[in-house]
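Comments concern the structure below.
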There are 2 protein chains.
Amino acid sequence: MSDLLERLRGRGWRMTAQRRVVAEVLDGDHVHLTADEVHARAVTKLPEISRATVYNTLGELVTLGEVLEVSTDRRAKRYDPNAHRPHQHLVCAQCGAIRDVHPAGDPLADLPADERFGFVVSAVEVTYRGVCPNCAGA
Amino acid sequence: MSDLLERLRGRGWRMTAQRRVVAEVLDGDHVHLTADEVHARAVTKLPEISRATVYNTLGELVTLGEVLEVSTDRRAKRYDPNAHRPHQHLVCAQCGAIRDVHPAGDPLADLPADERFGFVVSAVEVTYRGVCPNCAGA
DNA sequence: ATCCTACGATGGACTTTGTCTAAGTCAAGT
DNA sequence: ACTTGACTTAGACAAAGTCCATCGTAGGAT
């Protein structure tokens, strides 16, 4: 993750304790935290960090393309640091667990020209829904 | 849409002026209104209808499978009366316009078994994003 | 090493979207 | 027409997020 910090500094990002902490919290695989969860974890490392700063920083990371915003449920947006390998999400309908998955094929190609209504289509989001092994066992 | 009202009455739905108005507002193709928009239109036909009733009625229609809930942006949920023909959505990134589309292929089949992590996968949501002809022209 | 200053952080008010509740109203069966 | 339980209402409440005026500080300039 220090590569991330290096890259950001290279782009003229001003480095602050708050931004460093937010970046640290987002480190790892299969991380899909809400803004409030990011804030809660950041507070343990830097007690005076404010919610507004967490929101601002997450927004900047999204703009810079370093973090993806995903909304798998209709509650809070979640932030996914796995922005450099295209992937989709698999969500448990019961507990809300999220896994990154990599389907075969290109879903963009599945939309025929006569179903595009003149739109320039540039992206597609796919969310698979089901029940995870934990919840199915219970 | 009066078929809808008939069907609901057949299922033991108590018919009220409020429910009738909500069902009327949702009539049509390519209708994707937010709850507040439904309320705003309902008020023009029945001034004393309350927001809570609109939310309740929309929720019931969703439970009954007569209306779909879609969240194409991260703001309000939208309600789609086109619940009987499976379809996906194409969204303009600029103006938010939404079209129903019918892609070829089955996106569920694109998720190989070894990417399912033991989940029982039962549904998939696909949202295409792009720029509509109106916004592209501007 | 110290100073400057523009960029970043803060917290609290505010907005949007949605849920809940207690009390009143009414559709539909008898 | 009466009764009853389902439906509706207004408003309080909650969660998620944005905005703004003010304060603080990172990092270049001296």
By side-chain hydrogen bond (donor to acceptor under 3.5 Å, both in side chains) - contacts of B:Asn56 (at least two apart)
none
Report for the helix from C:dA1-D:dT30 to C:dT30-D:dA1: angle between first-end and last-end helix axes, five pairs each, rounded to 10 degrees.
30°
Which parts of nucleotides 10-15 of chain C does protein reach within less than 4.0 Å, heavy atoms only, written one letter per nucleotide 5' to 3' as B for base, S for sugar-phosphate only and - for none?
BB----
Proximity to the side chain of B:Thr16 - top-ranked nucleotide from D:dA16, C:dT17, D:dC7:
D:dC7
All side-chain contact (heavy atoms from CB on, under 4.5 Å) counterparts of B:Ala83, not counting sequence neighbours:
B:Leu68
Mark up nucleotides 1-6 of chain D, 5' to 3', with B wherever a protein heavy atom is under 4.0 angstrom from a base atom, S wherever such an atom reaches only the sugar-phosphate, and - elsewhere.
----BB
B:Arg129: partners by side-chain contact (heavy atoms from CB on, under 4.5 Å), with sequence neighbours left out:
A:Ala123, A:Glu125, B:Arg74, B:Val91, B:Thr127
Could you pull out all residues at least two apart from A:His39 that satisfy ring pair (Phe, Tyr, Trp, His ring centres under 6.0 Å)?
none
Mind calculating the distance between CG (B:Asp36) and C1' (C:dT16) to the nearest angstrom?
8 Å
Name all residues meeting the side-chain contact (heavy atoms from CB on, under 4.5 Å) criterion together with B:Arg78; count only those two or more places apart in sequence or in a different chain, and write none if there are none.
B:His32, B:Thr34, B:Glu37, B:Val70, B:Thr72, B:Asp73, B:Ile98
Relative to the 5' end of DNA chain C, which residue comes earlier, B:Tyr79 or B:Met15, by the nucleotide with the nearest heavy atom?
B:Tyr79
I'd like to check the side-chain hydrogen bond (donor to acceptor under 3.5 Å, both in side chains) partners of B:Glu115; sequence neighbours left out, ordered by chain and number.
none
For B:Ala17 and B:Ala35, find the nucleotide of DNA chain C closest to each by heavy atoms; which residue's nucleotide sits nearer the 5' end?
B:Ala35
Less than 4.0 angstrom between a side-chain N/O of B:Tyr55 and OP1 or OP2 of C:dT19, yes or no?
no
Among all residues two or more places apart in sequence or in another chain, which pass the salt bridge (charged side-chain N to carboxylate O under 4.0 Å, His left out) test with A:Arg19?
A:Glu60
Which heavy atom in B:Phe117 sits nearest to a heavy atom in A:Pro133, and how many Å separate them?
O-CG, 3.4 Å
Output side-chain donor-acceptor pairs under 3.5 Å for residues 40-49 of chain A, partner residues at least two apart or in another chain, one line each.
residue : atom : partner : partner atom : Å
A:Thr44 : OG1  : A:Arg41 : O            : 2.7
A:Lys45 : NZ   : A:Glu24 : OE1          : 3.3

Test side-chain contact (heavy atoms from CB on, under 4.5 Å) applied to A:Asp110 - qualifying residues, sequence neighbours left out
B:Pro103, B:Asp110, B:Tyr128
